[in-house]
Amino acid sequence: MDASTPRVDVSVPENGTSEALEDTHEPESNSSAPNFTGSPEKLQEEKRILQNLDASGNIAENQIFINALYMGNSPQYKEAPNAPKRKKEVSFDLGDQKECERFVEEYRNGEYLALAVTLAIFDVVAISDLPGIESNLISFLPDVDEPDDDGKAVNSHYSDPYLSLQSKLTVIGAKSFIRNDGQSCVGFGDKSKQILLNIWTQFPALRNPIISWLMELNHIHKYRTSFELQQIIGAFSKIISIDFSDAEKRIFPKLYSSPNNMFFLGTLTCLLVKNPYMKGSARSLLLKWARSNSEWIWKSALLSYSGMNTPEEYDDLKTLLQDKLKSQNSIFMKIDNTHFLMKGQIKNLDSSPVLQNEHPYLPVRDISTALGGTVSWDSERQQAVIDLGQNTIRMAVGSSEVFVNDEEIPLVNRQLPISIDSKMYIDLQAFSILLGFHYYWFPKHGFLAISSNIDHNFGPLTLQTVEEKLSPYYRSKIVFPNL
């Protein structure tokens, strides 16, 4: 031990009593208890003397007095009349209509309801996607008055960040799942449809908020997370199948508001016609679209028709769509085939489209000429020059420097023009984007198409208008094999 370290003597004297205990003693058994007999006034005085601490003879520099040490019975408490009650750790069977009603009425203003609605609409949701989806729905749910800690009514939604997911799953009766790819998910399983039906039929005031929320999800989740677009389409399909006539009033008008929903509508109706209960209603809707004078809604019917398993059952729809195609500036082609279909007529290309690294490439001169353009060669710049409509496009083999009306449009490596048998080819996607066309690619059948509803007379393209073509709906991978 270091000599400088203070030494503390804890030895016990021979009498066995530590010095620290010398001033203590056990209370004598014959000590008399305080005498509280007498008048009430005498009793109160004796209590005061007993409760006061006599500090006479205490010479400590700092003294603390506790003058009212309560020695009586424990105080009694009662709940404030308007205090919010803590929800019990219970579990609801939301597949039962009565229990579902009770749950929604009790948990109407928080994350329990948001989670239940989310999992009722989607079969399963990845845990990584759940927080954003759930909080987004909370912002759409109708506000209701709830008492705060002081019993005052407030109008706001709440979310408890310290409430575990498992606790919420227990209350709503949902489960955890592991997807084939190892992703952790949650959901109701095969009960989700019945739970959605209970919520949808018993609480019609929630319909518009839920639909608005799904429209928002469709906008913010396209191709950005594991929360795939197909899940959102499936969610709309589940709601529409509950009440198709109601969907025609609440859902479809919202989807008709933008041509960016063309692919979404086509895929949605393709799913609906596979439902035996929805088949007739979906068919009528597709025929209505095919007869429409809209510049784009008929293309949703075309997309839907192209994905049908039994297109032979829809000859009336096929006839309407073929009439539409004859009036459109669309070219339908197939890999390694020089034939193409344009305005209902079969024509020939000198060179066929080819597949390079699993991507379709088009012969630049042939396809430009078929679209009504001209192609020349600038020997000084070693560039092909395409004049089509009011646009001039310059490009060279292996170069990312592609110019549209003298404005450079950068291309990624796989989109660069290539040379095959001394002929220039360009990626289908790049060609369509540069010219402002829609394009479609169906790799399973080797079909591809490019189309424009402006019959070559489109105005000058700029970098901004070209970038707008990068929308996912202009990059769909479906063409029309059934036609």
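Quick note: residue numbers are just sequence positions, from 1. Atoms considered below: every heavy atom in the structure, side chains included; atoms not considered: hydrogens, waters and symmetry mates.
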Open item on the list: When you measure from the side chain of Ser300 to the backbone of Met262, do you find a donor-acceptor pair of N or O atoms at a distance under 3.5 Å?
Closed with: yes
Assess whether atom CD of Glu312 is packed by more than 12 heavy atoms of other residues, nucleotides or ligands within 6.0 Å. yes
Output for pair (Leu272 CG, Ser237 OG), nearest 0.5 Å, gives 4.5 Å
Do Gln356 and Asp427 have side chains that approach each other closer than 4.5 Å (heavy atoms only, starting at C-beta)? no
d(Glu111 CD, Ser135 OG) to nearest 0.5 Å is 10.0 Å
task: Test Tyr361 against Tyr425 for ring pair (Phe, Tyr, Trp, His ring centres under 6.0 Å), laying out the working first.
output: CA-CA 6 Å; Tyr361 278 74; Tyr425 283 72; 7.6 Å; no
dist Asp129:CG -> Cys185:SG (nearest 0.5 Å) comes out at 9.0 Å
Nearest heavy-atom contact between Leu388 and Ser368 is CD1-O, 4.5 Å
Have Ser192 and Lys238 got a donor and an acceptor in their side chains that come within less than 3.5 Å?
yes
CD1 of Ile297 to CG of Asn293, rounded to nearest 0.5 Å, is 12.5 Å
Partner of Ile121 under side-chain contact (heavy atoms from CB on, under 4.5 Å), picked from Leu217, Leu137, Ile210, Ile195, is Ile210
Ring centres under 6.0 Å, that's the criterion: do Phe264 and Phe236 meet it? yes
Lys254 and Ser212 have their tightest heavy-atom pair at NZ-OG, 4.2 Å
- Message: Would you say that Leu349 contacts Asn337 through its side chain, given a criterion of any heavy-atom pair below 4.5 Å between the two side chains?
- Response: no
Next on the checklist: Given 3.5 Å as the limit, does a donor-acceptor pair link the side chain of Arg365 with the main chain of Val375, or not?
Outcome noted: yes
Please evaluate residues Val186 and Lys175 with respect to the criterion side-chain contact (heavy atoms from CB on, under 4.5 Å), reporting the C-alpha separation (whole Å), side-chain torsions for both, the decisive distance (0.1 Å), and the verdict.
CA-CA 6 Å; Val186 292; Lys175 299 178 181 179; over 6 Å; no
- request: Look only at the side chain of Ser304 and the backbone of Cys270, and say whether a donor-acceptor pair between them is shorter than 3.5 Å.
  value: yes
Report the C-alpha distance between Ile178 and Ser184 in whole Å, list the side-chain angles of each, state the deciding distance to 0.1 Å, and finish with yes or no for side-chain contact (heavy atoms from CB on, under 4.5 Å).
-> CA-CA 5 Å; Ile178 301 294; Ser184 297; 3.6 Å; yes
All heavy atoms of Ala290 vs all of Trp298, minimum pair found to be CA-CB, 4.2 Å
Practice problem: Give a yes or no on whether a salt bridge exists between Asp316 and Arg283, defined as a side-chain N under 4.0 angstrom from a carboxylate O. | Solution: yes
Could you check whether any side-chain heavy atom of Phe140 comes within less than 4.5 Å of a side-chain heavy atom of Ile211, counting everything from C-beta outward?
no
query = Does Asp366 pair with Lys423 as a salt bridge, N-O distance under 4.0 Å?
reply = no
Between Phe103 and Phe92, is the gap from one ring center to the other below 6.0 Å?
yes
Can you check side-chain contact (heavy atoms from CB on, under 4.5 Å) on Leu94 and Asn198, steps first, answer last?
CA-CA 8 Å; Leu94 301 186; Asn198 289 341; 5.9 Å; no
When every non-hydrogen atom of Ile232 is compared with those of Leu214, the smallest separation belongs to CG2-O, 4.3 Å
Rounded to the nearest 0.5 angstrom, the CD1-CD distance for Ile133 and Gln231 is 7.5 Å
Does Glu407 offer a backbone N or O that forms a donor-acceptor pair with the side chain of Asn405 under 3.5 Å? no
ask   = Taking the six-membered ring for Trp, are Phe122 and Trp213 parallel (under 30°), tilted (30 to 60°) or perpendicular (over 60°)?
value = perpendicular
Measure the shortest side-chain to side-chain distance between Ile240 and Leu268 over non-hydrogen atoms and say whether it is less than 4.5 angstrom. yes
The test is side-chain contact (heavy atoms from CB on, under 4.5 Å); show your working for Met308 and Leu286 and say whether it passes. CA-CA 12 Å; Met308 291 180 181; Leu286 289 171; 3.5 Å; yes
Of all heavy-atom pairs linking Ile393 and Met395, the shortest is CG2-CE, 3.8 Å
CG of Leu196 to SG of Cys100, rounded to nearest 0.5 Å, is 9.5 Å
Tell me, yes or no, whether the heavy-atom count around Asp190 atom CG, taken from other residues, nucleotides or ligands under 6.0 Å, exceeds 12.
no
Side chains of Trp296 and Tyr256: any donor to acceptor distance under 3.5 Å?
no
Is there side-chain contact between Leu321 and Tyr305, with at least one heavy-atom pair below 4.5 Å?
yes
ask   = Does atom CG of Asn357 have more than 12 heavy-atom neighbours, drawn from other residues, nucleotides or ligands, at distances under 6.0 Å?
value = no
Is the closest basic N to carboxylate O distance between Glu313 and Lys318 below 4.0 Å? no
Main-chain N/O of Glu105 paired with Arg108 side-chain donor or acceptor, under 3.5 Å | yes
Would you tell me whether Gln383 and Ser399 have side-chain atoms, one donor and one acceptor, within less than 3.5 Å of each other?
no
task: Using modelled atom types only, decide if a donor and an acceptor are shared between the side chain of Ser284 and the backbone of Gly280 within a distance under 3.5 Å.
output: yes
* Might you confirm whether atom NZ of Lys193 has over 12 heavy atoms from other residues, nucleotides or ligands at distances under 6.0 Å? => no
Problem - Note, Glu216 side chain near Asn136 side chain (heavy atom, < 4.5 Å) - result: yes
Taking atom types as modelled and ignoring hydrogens, do the side chains of Asp387 and Thr392 form a donor-acceptor contact shorter than 3.5 angstrom?
yes
Heavy-atom closest pair (Trp200 atom, Ile239 atom, distance to 0.1 Å) is CZ2-CG2, 3.4 Å
- So do the side chains of Gln97 and Gln202 get within less than 4.5 Å of each other, counting heavy atoms only? yes
_Flag for Ser167-Thr170: side-chain donor and acceptor within less than 3.5 Å_ = no
Q. Considering only heavy atoms from C-beta outward, does the side chain of Trp289 approach that of Thr269 to under 4.5 Å?
A. yes
